[in-house]
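The chain is numbered in sequence order, starting from 1. Source: prediction; values computed, not measured.
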Amino acid sequence: MIIPLDSPDLSADPRLADYTRLKDVQLRSKLEPERGLYMAESTNVILRALQIGHRPRSFLMAPRWLDDLAPLIEEATGAPDGGDVPIFMAQESLLEEITGFHLHRGALAAMQRPELPPLAELLANAREGRPARRVVILEDLVDHTNVGAAFRSAAALGVDAVLVTPSCADPLYRRSVRVSMGTVFQVPWTRIERWPAMDELHAAGFTVASLALSDDSVPLDEFVALPCVTAPDARLALVMGTEGDGLKKRTISNSDVVVRIPMSGGVDSLNVAAASAVVFWATRRLGGEPR
């Protein structure tokens, strides 16, 4: 159903509770998982979410975006006007008052958050029903931009799945989704319940390689020539650390190998988003198979 909005006094309207105070990152990072929802921002991201079958709770948009989204809204809800799913319509200025920020793409959707698969299930089925060969673990990243960028690199460079630790920022937070260009819907992912426990990864045949600076670390160009990368049955889990402190000591000690990206110019390390792209590219021929 299409619901026009024309009043600036909408902050207390319970129908719009999903959309109010979107600028408050700490509040939204808690409320959205509790409510079982995430926000899809921009027409492109909404299209990607609907295309993979995520269910919309409601839409909030400027009138000019309705024609672009109408076919997918009809496919997702069974009706061009959304049927029982509310489509709130307002001019851009009013949208900004409701959400607390400027919608540069003019459309938002509150989407039902999909249930995450158990780790064992994801590892067994990540590659279109086939076992994952190469995964990345994002340990305690706090910056949603870096999470989204890592997902985009994972999608572009053939990583089979992303695993996030209990304290890692939410991949479905709207900034993560936007920076990823919607690839968080494309790359299978789940949240690890126990970390740095690596027993499930080892039991599944993965070599766990942590990216860190340590005295015994192996340069990346040497690492990619080792049997754990080149063997035909190689399975590799790459661990990327948080932006400030890097990986936990227990993570490093529990890993099978520690890898570093050689640096020059007096630089000791790369931003985690840049580092992930470098490592994904360097390991793209896992087991001799192009990824």
Side-chain angles (χ1 to χ4, degrees), residues 48 119 122-123 125-128 130-141 143-165 168-169 171 176-192 195 198 201 204-213 217-243 246-247 251-252 255-263 267 269-291:
R48 286 201 177 203
L119 176 58
L122 181 66
L123 295 177
N125 299 290
R127 302 180 70 202
E128 299 178 346
R130 294 174 293 150
R133 295 282 306 281
R134 187 173 55 143
V135 303
V136 61
I137 299 152
L138 303 180
E139 182 185 88
D140 299 354
L141 270 61
D143 189 313
H144 291 94
T145 298
N146 285 336
V147 172
F151 265 86
R152 187 173 180 181
S153 294
L157 297 168
V159 172
D160 296 320
V162 177
L163 315 177
V164 298
T165 62
C168 184
S176 300
V177 174
R178 187 172 72 245
V179 170
S180 80
M181 298 296 289
T183 55
V184 293
F185 308 135
Q186 178 180 334
V187 182
W189 71 278
T190 197
R191 192 173 289 276
I192 305 172
W195 185 257
M198 301 176 185
L201 290 166
F206 281 86
T207 296
V208 180
S210 287
L211 274 292
L213 301 175
S217 61
V218 178
L220 179 59
D221 44 1
E222 293 182 19
F223 171 67
V224 297
L226 296 178
C228 62
V229 179
T230 61
D233 59 349
R235 303 185 81 182
L236 185 61
L238 301 159
V239 189
M240 312 297 298
T242 187
E243 298 86 347
L247 294 175
T251 299
I252 295 173
S255 300
D256 301 304
V257 60
V258 182
V259 181
R260 71 178 183 275
I261 300 172
M263 297 281 121
V267 178
S269 63
L270 296 174
N271 168 276
V272 64
S276 65
V278 170
V279 174
F280 298 163
W281 186 88
T283 59
R284 71 196 185 283
R285 293 191 176 274
L286 184 73
E289 175 188 352
R291 311 299 290 163

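- Side-chain contact, E139 with T242: no donor N or O sits under 3.5 Å from an acceptor N or O.
- Applying the salt bridge (Lys or Arg N to Asp or Glu O under 4.0 Å) criterion to R133, with sequence neighbours excluded, gives E289.
- With sequence neighbours excluded, the residues satisfying side chain to side chain contact (heavy atoms under 4.5 Å, CB included) with P131 are R235.
- With sequence neighbours excluded, the residues satisfying side-chain hydrogen bond (donor to acceptor under 3.5 Å, both in side chains) with T165 are D140.
- For T183, the side-chain hydrogen bond (donor to acceptor under 3.5 Å, both in side chains) test picks out no residue, with sequence neighbours left out.
- The main-chain N or O of S217 is found under 3.5 Å from a side-chain atom of R260 such that the two form a donor-acceptor pair.
- Residues passing the side-chain hydrogen bond (donor to acceptor under 3.5 Å, both in side chains) test with T283 are R134, sequence neighbours excluded.
- In this structure, the side chain to side chain contact (heavy atoms under 4.5 Å, CB included) partners of D221, at least two apart in sequence or on a different chain, are P219, P262.
- The side chain to side chain contact (heavy atoms under 4.5 Å, CB included) test applied to T145 returns D143, R175, V179, not counting sequence neighbours.
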Listing, residues 151-158 side-chain donor-acceptor contacts under 3.5 Å, not counting sequence neighbours, or none:
unit_1 : atom_1 : unit_2 : atom_2 : d
S153   : OG     : A149   : O      : 3.3

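- Applying the side-chain hydrogen bond (donor to acceptor under 3.5 Å, both in side chains) criterion to S210, with sequence neighbours excluded, gives S255.
- I192 meets the side chain to side chain contact (heavy atoms under 4.5 Å, CB included) test with I137, L163, W195; sequence neighbours excluded.
- The closest side-chain heavy-atom distance from L226 to V224 is not below 4.5 Å.
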